[in-house]
Amino acid sequence: MGKIRIPIFSEVQIQELEHGYRHGKNHTLRQRCHLVLLKQQGHSSKHITTLKGYPKHQTTINNWVTQYEKLGIVGLKNKHGQGRKSILNPVIHRQRVEEIVKSERQRLDYAKSLIEKELDVKMNKKTLTRFLKTLSVVIQE
């Protein structure tokens, strides 16, 4: 069994991690703050990998600890541009999607197929409903 890496943090850093763990904007930030806190408390990376919902590789856990040591809480956040890109862009597709949906209010499945053909995209009906909800938020503001 290897040596357990126990990072040493100041009281301010520990409070920052606890605040991120309890009040972070998204799940991944809260999870990463928690695993860094677990490492600081003396838990092994191997033990943390056994916890449900946490990374399954010890190197991933150690990388997040290193990121926190180098960059602070910012190092635990997702970088801009990570994740799946949007199928529909509100700036580009807004007007045309609204026109099609208004013409086919009662048949959203048919409106979806028209949008797919016209914009040359493939999407789920839920994707279209989420997009329409974001448009309604933008319209109300």
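Not measured: the values here are computed from a predicted model.
The aromatic rings of H34 and Y21 lie parallel to each other, their planes meeting at an angle below 30°, with 60° marking the opposite boundary. In this pair, H23 and H19 present their aromatic rings tilted. The plane angle is within the 30 to 60° band.
Atom CD1 of I100 sits about 5.0 Å away from atom CD1 of I115, to the nearest 0.5 Å. Interatomic distance, CG of L135 versus CZ of R130, reported as 13.5 Å (0.5 Å rounding). Rounding to the nearest 0.5 Å gives a distance of 13.0 Å between OG of S45 and NE2 of H57. With rounding to the nearest 0.5 Å, the separation of NE2 in H47 from CD in Q58 is 12.0 Å. With values rounded to the nearest 0.5 angstrom, L37 atom CG is found 10.0 Å from H43 atom NE2. Separating the NZ atom in K133 from the NZ atom in K126 is a distance of 10.0 Å, to the nearest 0.5 Å.
In this structure, V121 is a member of the same hydrophobic cluster as Y110, with clusters built from ILVMFWY side-chain heavy atoms closer than 4.5 Å. Hydrophobic clustering keeps L71 apart from L29 (ILVMFWY residues linked when any side-chain heavy atoms are closer than 4.5 Å, directly or through intermediates). Placement of I6 and L51 in two distinct hydrophobic clusters is found when ILVMFWY residues are connected by side-chain heavy-atom separations under 4.5 Å, directly or transitively.
In this structure a side-chain-to-backbone donor-acceptor pair under 3.5 Å is missing from N124 to T127. No donor-acceptor distance shorter than 3.5 angstrom exists from the side chain of S86 to the backbone of N89, with no hydrogens or angles considered.
Between R107 and E104 a salt bridge is recorded (basic side-chain N to carboxylate O distance below 4.0 Å). Salt-bridge formation is not detected for the pair E18/R22: no Lys NZ or Arg NE/NH1/NH2 atom is positioned less than 4.0 Å from an Asp or Glu carboxylate oxygen. A salt bridge is defined here as a Lys NZ or Arg NE, NH1 or NH2 lying under 4.0 Å from an Asp or Glu carboxylate O, and E69 with K39 fails to meet this definition. Salt bridge annotation for E98-R94: present, with a cationic side-chain nitrogen under 4.0 angstrom from a carboxylate oxygen.
R32 and N78 form a side-chain donor-acceptor contact under 3.5 Å, judged by distance and modelled atom types alone.
Y68 and I73 get closest at one heavy-atom pair: CE1-N, 3.5 Å. Taking every heavy atom of both residues into account, L108 and L128 meet most closely at CD1-CD2, 3.7 Å. Closest heavy-atom contact between G53 and K56: N-NZ, 4.5 Å. The minimum heavy-atom distance linking K112 with M123 is given by the pair NZ-O, 3.3 Å. When all heavy atoms are compared, the tightest approach of L38 to I48 is CB-CD1, 3.8 Å. Scanning all heavy atoms of the two residues, the minimum distance from K79 to Q82 falls at N-OE1, 3.1 Å.
Taking a 6.0 Å sphere around NZ of K85, one finds it holds more than 12 heavy atoms contributed by other residues, nucleotides or ligands. Residue D120 places its CG atom among 12 or fewer non-hydrogen atoms of other residues, nucleotides or ligands, all under 6.0 Å distant.
Two residues are said to be in side-chain contact when any heavy atoms from C-beta on lie closer than 4.5 Å; K70 and V65 fail this criterion. A 4.5 Å side-chain heavy-atom check between Y54 and I61 finds every atom pair outside the cut-off. Taking the side chain as every heavy atom from C-beta outward, V97 and L132 approach each other to under 4.5 Å. Contact check for K125 versus D109: side-chain heavy atoms found under the 4.5 Å cut-off. Considering only heavy atoms from C-beta on, T49 stays 4.5 Å or farther from P55 through its side chain. Annotation: side chain of L76 is not in contact with side chain of T28 (no heavy-atom distance under 4.5 Å).
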Stepwise salt bridge (charged side-chain N to carboxylate O under 4.0 Å, His left out) test for E99 and K102 | CA-CA 5 Å; E99 290 170 2; K102 282 181 184 176; over 6 Å; no
